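From a predicted model like this one, the values you see are computed outputs, not experimental measurements. Here is how names work: the chains are called A, B, and so on, in the same order as the sequence lines, proteins then strands, and each is numbered from 1.
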Amino acid sequence: MLRRGAFLVSLFVAGLVGCGAGDPESPVAEVLEPPVPARLDKMDSDLRALIVLRSDRVREDPTDASRWGNLGLVYASHELFAPALECFGHAVDSSPEDARWQYHLAQMQRKTGRVEAALVTYAEVARLEPEYAPAHWRQGFLLLEQGRIDEAEQAFSAAQAIVGSQPAAAGLARVALARERPREVLEVLRPYLADGTAQAYLQHLAGVAYRQLGRMDLAETALMKGRDSTPRWQDLWGNETLLNRVEHYTRLEQALVWFESGRPAQAIPTLENLLVGKPGDRRTLAALGRAYLLAGKNEAGLTTLRRMVELHPEHPESWLNLAKAYEHFNDLPRALEYVDRSIAIDPNYSASHRRRGIILVKLGRLDPAGEALARAVALAPDSVQAWNALGECRLRMADWAAAATAFKRVVHLEPDRTATYSRLGLALLRSGDSAGATAAFSRAQSSRQPSARSR
Amino acid sequence: MRLMTILSIFCLACACACVGDDGEVVWFEEVAAERGLVFTHESGHDRAYYMPEAVGGGAALFDMDGDGDLDAYLVQSGKLTAAPDGRPGNRLFRNTGGGRFEDVTAGSGADDRGYGMGVVAGDYDADGDIDLYVTNLGPNVLLRNEGGGRFSDRTEETGSGHPGWGTSAVFCDVDRDGDLDLFVANYLHWSRENENDCYSPTGEPSYCGPRSYKSPEMDTFYRNRGDGTFADETLQAGFGDAFGNGLGVVCADFDGDDWPDLFVANDGTLNQLWVNRAGQRFENDALLRGVASDEEGQAKAGMGVVVADVDDDQDLDLLVGNLHLEGDSFHRNEGNFFSDSTAAAGLALVSRPFTRFGMGWVDFDNDGRLDLYQANGRVKHHADSYTDDPFAEPNLLFRGTPAGRWEEVLPRGGVEPNLLYTSRAAAFGDVDGDGGQDILVVNRDGPAHLLHNVAPRGHWIEFRVPAGAAVVEGAAISAMLDGRRIRRDVRTSFSYLASNSPWVHFGLGSAERLDDVSVRWPDGTTETLGTLEANTRVTLERGKPPRVETLPAPSGG
């Protein structure tokens, strides 16, 4: 039904591959031209260039599995699943014993909804490379989603036997949930929960189990810890797609990760390079400006953020970033002026009100600061940062009860935020709630205990 | 006698069944234009990618004139940059009988020209005719039905014109004081000035996802004062405690305490289950009850939502439609909490390649099991496209099975040739009174579709509860069918940006009657109705014997 002829060919190829066909005499073997995705002309120029380059490499030697596979990786990395499926199909045709290309083929079959074919291919990967755990647990999750619980359990157990890993444990926990055996869930997850290494997703599954057991107190804590948790599993081959992304915003995201993890020097060259390609891009300008500031390159930071305001004066974020820069220089009146410009553009932008409140606190103007931060939490009631800033403001105002309320909200939203329990304890103590304060301080203390593994 | 009846039904069904090119039975035929329902949605997209363009297009099936058939209202969008006068405006279609429509917009006062999203129908002033509440990007509009096919804009005097980005809405008497309150799901804070630049994975300019704005909007709750006006009690009622990017909403008593709760499907943020505390306060208990997310843990892109008792245990289950590469979320009600039964129900994988908006659990083939329809359409560019419209996708139809699973019906979507459009709202109801549930689908930048039910069908009974006498939204009708006790509710608001038939439909399969029928009114009182014969339309008025009208046997379309 998809309209491109190339895609129809790819389906044909993939179907045959999925059935184990690879007859060199068949017409499929003659389809050796690399697939060209639709809308190629509209793609990022770097990506286009890479596709052309790797396609040329395929044409040079279409019998080389790795050339097909490497082109497939570029497509898979940019969610061009249909041409990726075709390329991995050719790679597998050329080198059927190569588990890596089989694995990528299975991934594409899964993502394009070819579930049965994917299961067959994952099984083939497991045969070729029995120690590669992701082939087992990915198979398990697919089986689980089909409601094939017993088979899923076998696949997860196989993964678990190779190396006791969190995805296998998560899979076995979900098998137990499907069988309505919540105690088994907790048993499976116990090692990870006990040593503090459990990913948030495992906390989520534990919460579901506690709920089934009627242990709502434990359920609530675990579910809060695991809320909105996207599993991040180790998968060497699967993660290859991350390494093949060339698109501007993917690289920007990577630079932001460096920047936000306190490595601005690592982020700056990438951001500068990205800005050459898209000189007016708002997100890149913002990230580069802030990275400069963080790296101590104040003049460059200010120039970049001013440039952002010049180019995008209609965006509240432009003014907010400039305000942060002046706050960084401790020029608080000017920071306040710019944050007010941001609010004038969008009065409903919580981050601007939060920043306004924080600046006002620094200026010692606590009443308007409290109002600004109350506005920030009203606009974003799930914002930990806004509630925390409000709590700190209320503490300074000696409004202990209000501070306690704000900090309670913070730890409700983020139960592992150790530092806040101390602040909560202080607020409760000052407001006369000794028992509550003791409990909060105890929680702060216990949260600081090192885990069994770290000991 | 019974055997003969069964045989006769199946012979009739076979004789009438429409068969596709591959020999598969077709369930629907697209008849919008030939039935006079001519409407083309316009998103207004030109060059820039403004996010509201991606999600609009609502529809209502409601009995505007009290003549016993379903009229249609279609919500238009238009150019975002245009002044309201420069937009095409919403359209009102009168059902002239037999599911044929005429455009009666001119002079009706119903042609609101806001940048439209969705619509909900309900008799907010209890005067016996059905009013409309239209959600917009910008102030929403309350259109009071004045009778005679005329509507008047009562937004200002009723105090109901929330200025944000309204999406799905629901009329529901949450405080059980006898009038309809109003809850509006809001999406996010958006303006052209703060629009972001977003790109597809290949670097092509495209629509942003809601997370890129980091600015979810609080939903709005209007309490009906009983004098034809509303009080905005969003904060007093507790709805300020959690925000999300709201797209879908249903009102239903999930915990069986006779106080209707509210479920909001959020896009990229955790869903909310607002548990009703005696009509005054609501608490978001979604996380603890297991509907904030499904077993996969992360907040998915919740869009369409539907509620029904699908497993015959007399409580209400939930299904949320999500984005491309995300499975649906089927939350089975276990009493105190919900369990994720998506995989067990067969819904984890089939729909995953599609972006699901409008949806309905409806018994299309009248076999006594709820089927599932999903109206799909992308919000971002993908590498491959089905047609020149890069966002178009096929819609999906699933048959409910006795094993509690759903199986996809082919040809895809139950139609042939396949309809490939960017579908948004889907509204459900029997527009031609033939006992088959039809579907009105709004397609972004495409023609609306009226999918006439031509499936081979079993017997049926339809229950109608006249508006105006009392609030009936949420009334639950239950009955014994072939040894099962099944429950169907009066519920107009579900799906996405849609308002559906207020009439309650029971498919009976080959059974000739429903036994031990009872209705539980929203205040918790129950009336027993005894046995009712198949192929009838039953009108219920509280405290009065049901009025039963016999209708023709099923014709299979």
Nearest heavy atoms of [X] and [Y], plus distance in Å:
X        : Y        : answer
A:Arg174 : B:Glu295 : NE-OE1, 3.2 Å
A:Leu223 : B:Leu287 : CD1-O, 3.3 Å
B:Tyr199 : A:Lys278 : CE2-NZ, 4.4 Å
A:Pro231 : B:Glu296 : CD-O, 4.2 Å
B:Arg352 : A:Glu145 : NH2-OE2, 3.0 Å

Given heavy-atom pairs under 4.5 angstrom as the criterion, report whether the side chain, backbone, both or neither of A:Asn348 touches chain B.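 Both parts, backbone and side chain.
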For a salt bridge (Lys or Arg N to Asp or Glu O under 4.0 Å) with B:Glu204, tell me which candidate from A:Lys42, A:Arg48, A:Arg39 qualifies.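 Going through the options one by one, the only one that passes is A:Arg39.
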In terms of heavy-atom pairs under 4.5 Å with chain A, which of B:Leu325, B:Thr269, B:Leu270 leads?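 Most heavy-atom pairs under 4.5 Å with chain A: B:Leu270.
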With a 4.5 Å cut-off on side-chain heavy atoms, are A:Gln212 and B:Phe337 touching?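 Yes, side chains in contact.
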When only heavy atoms count and the cut-off is under 4.5 Å, which of residues 237-244 of chain B reach chain A?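 The residues closer than 4.5 Å to chain A, in numerical order, are B:Gly240, B:Asp241, B:Ala242, B:Phe243.
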Please look at B:Phe338 and chain A and tell me whether the side chain, the backbone, both or neither of the residue comes under 4.5 angstrom of a heavy atom of that chain.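 The backbone, not the side chain.
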Checking B:Ala292 against chain A: side chain, backbone, both or neither under 4.5 Å from a heavy atom?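 B:Ala292 has no heavy atom closer than 4.5 Å to chain A.
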Look at atom CD of B:Gln236 and say whether more than 12 heavy atoms of other residues, nucleotides or ligands are closer to it than 6.0 Å.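 More than 12 heavy atoms, drawn from other residues, nucleotides or ligands, come within 6.0 Å of this atom.
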